[in-house]
Q: 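Structure in structure tokens, see below.
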Amino acid sequence: MANSDSAFRRWLRGEVDLSAELRTAEMPVPPEEARYHPRHHTAMIHMIFRQSHRFYVALVAVLCVVLFTVLLLAAANLPAYGDSEAPTNNEVTERYVNRGVEETGAVNAVAGLILDYRAFDTLGESFVLFTALCAVTILMSRGRRKHPLPMETDYADYYADPIVHTMCKVIIPVILVFGVYVLVNGHLSPGGGFSGGAILSSALIIYAMVWGDERAHGTIRERAIRRTAALALGFYVVSKTYSFYTGANGLHSVISPGVPGRIFSAGLILPLNVAVGLVVCCTMYSFYMFFRRGEL
Amino acid sequence: MMTVFRVILLIGLVGCAIATAIVRKPMQAVIIYSAFSVVLAVIWITLEAPDLAVTEAAVGAGVTGILLYLTLRRLNLIDQDEAHKEKMREEADEHGKF
Amino acid sequence: MSIVQSFPLFSIVLGLLCAIGCFVVPKQWGRRMTLLLLLASCVMQGWVLRFCYVNQTSYAYMMGHYPAPWGNEIMAGLLEPGMGLLFSVVMLLSVIGGGRHIGHDVADGKQHLYWVTVDLTLVSLLAMCYTNDIFTGYVFIEICTIASCGLLAVREGGRSLIASVRYMVFALIGSSLFLIGVVFTYAITGQLLFPQLRQAVAALWAAGTYRFAMTVAIGLMTAGLAVKSGCFPFHGWLPDAHSQATTASSCILSGVIVKGYAVLLIKIIYRAIGAEVFMASGAQHVLLLLGIGGMVACSIDAIFAKRLKVMIAFSSAAQIGYIFMGIGMGTAAGLTAAVLQIVNHAVTKPMLFLSGSQLSDASHGRMDFPSLRGAGHRNVPAGILFTIGAVSMVGVPLLAGFIPKLYFAREAFALGWQRWPVLLALAVSTVLNVLYFLYTAVLIWLPQEADCRFTAVKPHWDEFLPGFVLAGLNVAMGIHPGPLVALIDKAVALLGR
Amino acid sequence: MAAMFDHLLHNYEEAAAIALLSIGFCMLLFDRNLLKKVIGLDIMDSGVFLLLADRGFIAGGKAPIMAEAAAEAGRYVNPIPAGLVLTGIVVSVSVSALMLALTVRVYQTYRTLDVDHLYMLMSHRRKGGRA
């Protein structure tokens, strides 16, 4: 009571600027538990930090210069650029290039390499995406607290703009078709799961940008995204386990390379490309939604 | 001929990287980084790696660029620079009695 | 081919499926599934270990239909399933022991994601243990980095965000250095799988071509993994990260994850580069010196720490110094001692974190030493556990901490110029350990002050039982180290073959 | 030394890759702005990928898409680096998404992107806690 009284008196004396309080009230306030109020000998610690920091920076700078000189010298020591006799062009590469088509059925040697010869790497890679999705969800998800997002100061209503709106209506299906093309032709032409999935997600992101997050949230359900990603990853794991297991035990695998060059060929590569594409698409779109509105 | 083209592209690439490092506004850095990715996508083509070019254009220039932009937007830093942030930081210091 | 030989693959796949499952099911199921997964993983690794021990062999397991230089492979000897078993057991106990804190520190809506990250951490550690391919190693290092960042950042409030940023900056520098090393290695050998790589490296080294690039590559890979496991001059991130996380995450981060990188480093040195070439490159001397530096410098930091968890975390950094010192000795016996140290630290450190956090619970969550005075009386099981752990860390005989120190000291006498630095570092580090660990162990048993604000807490079985299992392992290793040492000796012998 | 410089001039792509690497590394270490650190990380990764992809290039080689394998018996470039870089790019984008999420959270909590400032808060707290 005494406090408000004195505040009132100060206001009467004209010392308090009410509009200043209004301005601070607009600013999003960090959550209570995270706010931080140091108390002790700030100036000294400031100084010590700056001093030790300067020393540290100088030391690291010297180390960096040494490191990059060494790296440049090592790069000069490497086999010549574009040399066909370099050690990298050995029997491993020979087999990938010469027998890749008949063994994997994939015309695109890179697709055959990452989804058949070295599939374990790529399995790990999809799980890198999945792990990142979980970590981003942990960080960005607002959970129960629902502290408000910062106000949009430069909000542009793209939906009201007839040019943007109409163009996007035309362009989104085109992007989707292109994405699907890149996805399912991964074993025949450049592209594949990762790029195709990113292209698909870009179409979804444009949709969310123009039609608004709320509407996109209504159309593309959170549950659907999570289940699609989980199903695609699950399919990937299970099918690849089958192929690893049969391969290691010398069992006959029902998966055959098919006729190279056809769309339905190259054994598991086409379905795996689709699965990877779905995972990438869901992950990228989820990243967008988490950064945009803090939830899917 | 091809070598000259490559060298020009590489100079552009390194130039973009340096520009990203020295510009003051975060938004400029993000835009230059997207340009960097596009140049890199062309370099992948000159290296005969079309898979990488497609992926770099979609993932590097596209998705990473969008994520960087969204981050700026979440932080309300779209057209603010370091000097402004310095001021804000001082305010924050004062607020926290630092 | 026996079905047991497929168990490494099965445990990795089971972990992946479990992670996907936890992502979509409600949180209670996530916890159960993760506990089951960890249990299954323990059983499977144990089985593989038994198989390899009985047959005295290490075997390569083809991941797919293509043999070694073309397809991926995983490799299981004695070291790999042994470390997998150790990691699974420690993770299982940490997750059970820290369960109550997870419920408290992690928001309700994020608990299932916590279990996903735990599963993925297990998978990445197993894959790092078993991998026989340098690039697969890189991919799973990245999974481990991201998952551990999730483990760290999941805690609400506190400084865990700043700790995560710092951790990520260091970890990403580490993985980039490692990747540059991989690129250089690939550029001059054209191989990625360990056995072929080792032949190619030996041939190149004998021929003397690309020697400078090879040395740089070895240095970069070693430096990358050293940064990631918190070796001495790059340990800046470690105390913050390990002390700011929730209890189970602290146990996993310091008990298991840093060791995963160390195991991968050992595998790369002995299986991919070859011990002879590694020793000829001179990188082991650097590792030895860094290890010694870490043992001393981080112990001094630990003395000056004013909070319990920070002290335990600095002691982790010091103990990691021992591991690198063992690797840097460059002999089989030194490596045995390093692996013994890995085992010792993996069973002791989670015990210290678990009991330390219970002691701080008995002091209203305070971590500073004045508040912890007499905490042992308020929570007797935790006090006993902490005392066992502290005494073991000091290196008192009949406890696990003594064994690696003994082997380090024994091996030191067989060395050349390294003998005196190693012995001196062991002595200094032991004295420093006495200063901070015994001090704390005594402090918690001091009589409580008359005006003590804290009341005794009722210990829960799920909190102290895992600690007692770890303490049992610790004492068993200390009293009867023979079988373990014999096993590790065999594992090291198999590794170099 | 001159021979080495000559060699470096021939490996100009590698030299550019190392240059990118250094720029990114320095941004990651020395730039105080967290956002610029993330961009530096991406640039550093691009440098590594450029270094790796250069290793697969063969002068006069074609992209390894063997559509008319029988028709033209030309040389193909090495597909392995391309596959590895593809993996790397996806890893890199995952990591940068995570770092950006951390950036957003840090800014929401502490109202600053200056890393020195953050570390100062942290070390200060640790020292303050001792008193």
Side-chain angles (χ1 to χ4, degrees), chain A residues 28 30-31 34 36 38-40 42 45-46 49 53 57 60-61 64 67-68 71-73 75-84 86 88-89 92-93 96-97 100-101 107-110 113-114 118 121-122 125 128-129 131-132 135-136 139-140 188-190 192 194 261 280 283 287 290-291, chain D residues 4-5 7-8 10-15 17-18 21-22 25-26 29-30 51 54-61 63-67 69 75-76 78-84 86-87 89-91 94-95 97-98 100-102 104-105 108-111 116 119-121 123-125 127-128 131:
Chain A
Y36 164 69
R39 282 183 300 275
H40 309 282
T42 43
I45 285 162
H46 219 100
F49 186 87
H53 190 73
V57 166
V60 175
C64 280
L67 178 68
F68 294 124
L71 279 182
L72 267 183
L73 292 180
N77 191 229
L78 286 181
Y81 167 66
D83 183 9
S84 58
T88 44
N89 301 313
V92 187
T93 315
Y96 288 155
V97 171
V101 176
V107 171
N108 182 358
V110 176
L113 171 75
I114 64 170
R118 299 179 58 85
D121 280 357
T122 318
E125 176 194 2
V128 172
L129 266 178
T131 320
V136 169
L139 282 167
M140 302 292 278
L188 301 177
S189 63
F194 293 105
V280 173
T283 311
F287 283 162
F290 277 121
F291 277 85
Chain D
M4 200 157 237
F5 191 73
H7 217 91
L8 199 61
H10 190 260
N11 283 1
Y12 59 92
E13 292 254 1
E14 281 77 0
I18 301 286
L21 203 77
S22 343
F25 199 79
C26 289
L29 275 184
F30 297 122
L51 185 64
D54 287 339
R55 298 287 94 211
F57 182 71
I58 297 170
I65 312 245
M66 291 158 279
R75 244 200 113 84
Y76 294 109
N78 187 347
I80 302 176
L84 302 187
L86 201 55
T87 308
I89 287 178
V90 177
V91 170
S94 316
V95 169
L98 174 62
L100 288 175
L102 268 175
V104 170
R105 279 300 302 277
Q108 281 173 352
T109 314
Y110 302 99
R111 316 300 305 167
D116 288 356
Y119 291 171
M120 205 142 46
L121 287 183
S123 65
H124 178 250
R125 194 189 111 113
K127 280 168 187 147

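Every value quoted in this text rests on a predicted model; they were computed, and no experiment measured them. Throughout, a chain's letter reflects where its sequence line sits, starting with A, and its residues are numbered from 1. Note: hydrogens, waters and symmetry copies are ignored here, and every other heavy atom, side chains too, is used.
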Q: Please identify, among A:Leu72, A:Leu71, A:Leu139, the residue contributing the most non-hydrogen atom pairs under 4.5 Å to chain D.
A: A:Leu139
Q: Within this structure, what is the CD1-OH distance for the pair D:Ile65 and D:Tyr76, rounded to the nearest 0.5 Å?
A: 9.5 Å
Q: Side-chain contact test, heavy atoms from C-beta onward, threshold under 4.5 Å: evaluate it for A:Val128 versus D:Val90 and give yes or no.
A: no
Q: Out of A:Val57, A:Leu78, A:Val280, which one racks up the most heavy-atom pairs below 4.5 Å with chain D?
A: A:Leu78
Q: So do D:Arg55 and D:Asn78 actually touch side chain to side chain, heavy atoms under 4.5 Å?
A: no
Q: Taking the side chain as every heavy atom from C-beta outward, state whether A:Phe194 and D:Ile89 have any pair of such atoms under 4.5 Å apart.
A: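 Side chain of A:Phe194 against side chain of D:Ile89, heavy atoms only: no contact under 4.5 Å found.
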Q: Looking at chain D, which one of A:Thr122, A:Leu67, A:Val136, A:Thr131 has the largest number of heavy-atom pairs inside 4.5 Å, strictly under?
A: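 Of the candidates given, the most pairs with chain D belong to A:Val136.
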Q: Taking every heavy-atom pair that is under 4.5 Å apart, which of A:Thr283, A:Val110, A:Val92 has the most such pairs with chain D?
A: A:Val110
Q: Between A:Tyr81 and D:Phe57, how do the two ring planes meet: parallel, tilted or perpendicular, split at 30° and 60°?
A: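 If you compare the ring of A:Tyr81 with that of D:Phe57, the planes turn out parallel.
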Q: Where on D:Val91 is there a heavy atom nearer than 4.5 Å to chain A: the side chain, the backbone, both, or neither?
A: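 Interface part for D:Val91: both.
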Q: What part of D:Leu29 lies closer than 4.5 angstrom to a heavy atom of chain A: side chain, backbone, both or neither?
A: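 Just its side chain gets close to chain A.
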Q: Name the member of D:Ala59, D:Ser22, D:Gly83, D:Pro64 that forms the most heavy-atom pairs with chain A at distances under 4.5 Å.
A: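 Result: the option with the highest number of such pairs is D:Ser22.
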Q: Identify which part of A:Ala80 has an atom lying under 4.5 Å from any heavy atom of chain D, answering side chain, backbone, both or neither.
A: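 For A:Ala80, heavy atoms of backbone and side chain both lie under 4.5 Å from chain D.
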Q: Ignoring hydrogens, what is the shortest heavy-atom contact between D:Ala101 and A:Phe291? Give both atom names and the distance.
A: N-CZ, 3.5 Å
Q: Go through A:Asn77, A:Ile114, A:Val97, A:Asp121 and name the one with the most non-hydrogen pairs under 4.5 angstrom from chain D.
A: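 Answer, by heavy-atom pair count under 4.5 Å with chain D: A:Val97.
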Q: Is there a side-chain contact between D:Pro79 and A:Thr93 (heavy atoms, below 4.5 Å)?
A: yes
